[in-house]
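Heavy atoms only: backbone and side chains are in, while hydrogens, waters and symmetry mates are out. The first residue in the sequence is number 1, and the count goes up from there.
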Amino acid sequence: MARNELFIVFAVIWVGLSTANVLFHKRAALDARRQWHAWIDLGLGVFFATFATYWSWGVELWVVALIWATSLGITYLYWRNVQFCTHCGATVWPAGFGRATECAKCKTKLHEQPAA
């Protein structure tokens with residue numbers, strides 16, 4: 001398969017998985033989101049790193065290590081900073097590099113909510 005065709009396949013799969021992820025976070029029950037959020041994000045990070053490794057095949061090993069470290073590092077930060085509002089059940093996305101302080105949907109302070 002040519003590189004251009006491979007990139008198109010990757011782009012279609014990536015857009016499909018990202019759309020499915022957003023729909024999952026919008027429509028799934030709070031318990032399901034808490035249970036599957038980390039695994040879905042890890043899968044997306046590994047998929048991206050795998051494609052980037054294949055795409056950059058033939059480069060030095062440190063480049064491949066950098067790809068994996070960056071991809072898994074970003075996945076971990078995203079995974080750690082996504083929260084779930086126990087008041088309204090919304091998924092609260094990260095605010096920049098840190099965690100959000102209040103739910104965007106119901107404006108409840110997240111640090112005042114009981115741990116789930």
Handout entry: Linked, directly or transitively: V9 and V12 (ILVMFWY side chains, under 4.5 Å)
Key = no

Handout entry: Hphob cluster co-occupancy, I13 + F24, side-chain heavy atoms under 4.5 angstrom
Key = yes

Exercise for the section: State, to 0.1 Å, how close V92 and E102 come at their nearest heavy-atom pair, and which atoms those are. Expected result: CG1-O, 4.0 Å

Practice task
Show your reasoning for whether side chain to side chain contact (heavy atoms under 4.5 Å, CB included) applies to W14 and L44.
Solution key: CA-CA 8 Å; W14 186 255; L44 287 171; 4.3 Å; yes

Exercise for the section: To the nearest 0.5 angstrom, please state how far the CG atom of D41 sits from the CG atom of N21. Expected result: 6.0 Å

Exercise for the section: With the side chain counted from C-beta on, respond yes when R33 and T91 share a heavy-atom pair under 4.5 Å apart, and no when they do not. Expected result: yes

Handout entry: Over 12 non-hydrogen atoms of neighbours within 6.0 angstrom of CG in L61
Key = no

Practice task
Using a 4.5 Å cut-off on heavy atoms from C-beta on, say whether the side chain of V46 contacts that of W68.
Solution key: yes

Problem - F51 and its ring pair (Phe, Tyr, Trp, His ring centres under 6.0 Å) partner, picked from F47, W55, Y54 - result: W55

Handout entry: Under 3.5 Å: donor-acceptor pair, side chain of Q83, backbone of W93
Key = no

Exercise for the section: Would you indicate whether the side-chain heavy atoms of T75 and Y78 approach each other to under 4.5 Å? Expected result: no

Handout entry: Stepwise side chain to side chain contact (heavy atoms under 4.5 Å, CB included) test for W36 and H25
Key = CA-CA 10 Å; W36 289 102; H25 279 284; over 6 Å; no

Exercise for the section: Report whether V64 and F10 are members of the same hydrophobic cluster (ILVMFWY, side-chain heavy atoms less than 4.5 Å apart, transitive linking). Expected result: yes

Handout entry: Minimum side-chain heavy-atom gap S56-V59 below 4.5 Å
Key = yes

Completion exercise
Distance col, row F48:CZ vs L72:CG, nearest 0.5 angstrom, shows 11.0 Å

Practice task
Go through the steps to decide whether H37 and F84 satisfy the test ring pair (Phe, Tyr, Trp, His ring centres under 6.0 Å), and finish with yes or no.
Solution key: CA-CA 10 Å; H37 166 71; F84 303 97; 5.6 Å; yes

Handout entry: Qualifying residues under ring pair (Phe, Tyr, Trp, His ring centres under 6.0 Å), relative to Y76, sequence neighbours excluded
Key = none

Handout entry: Exam field: side chain S71 to backbone G45, donor-acceptor pair closer than 3.5 Å
Key = yes

Problem - Cluster check I40, L23: I/L/V/M/F/W/Y, side chain < 4.5 angstrom - result: no

Practice task
Check for a donor-acceptor pair, side chain of N81 on one end and backbone N or O of L77 on the other, with a separation under 3.5 Å.
Solution key: yes

Problem - Minimal non-hydrogen separation, A52 against I67, with atom names - result: CB-CG2, 3.6 Å

Problem - Any side-chain heavy-atom pair of T108 and C88 under 4.5 Å - result: no

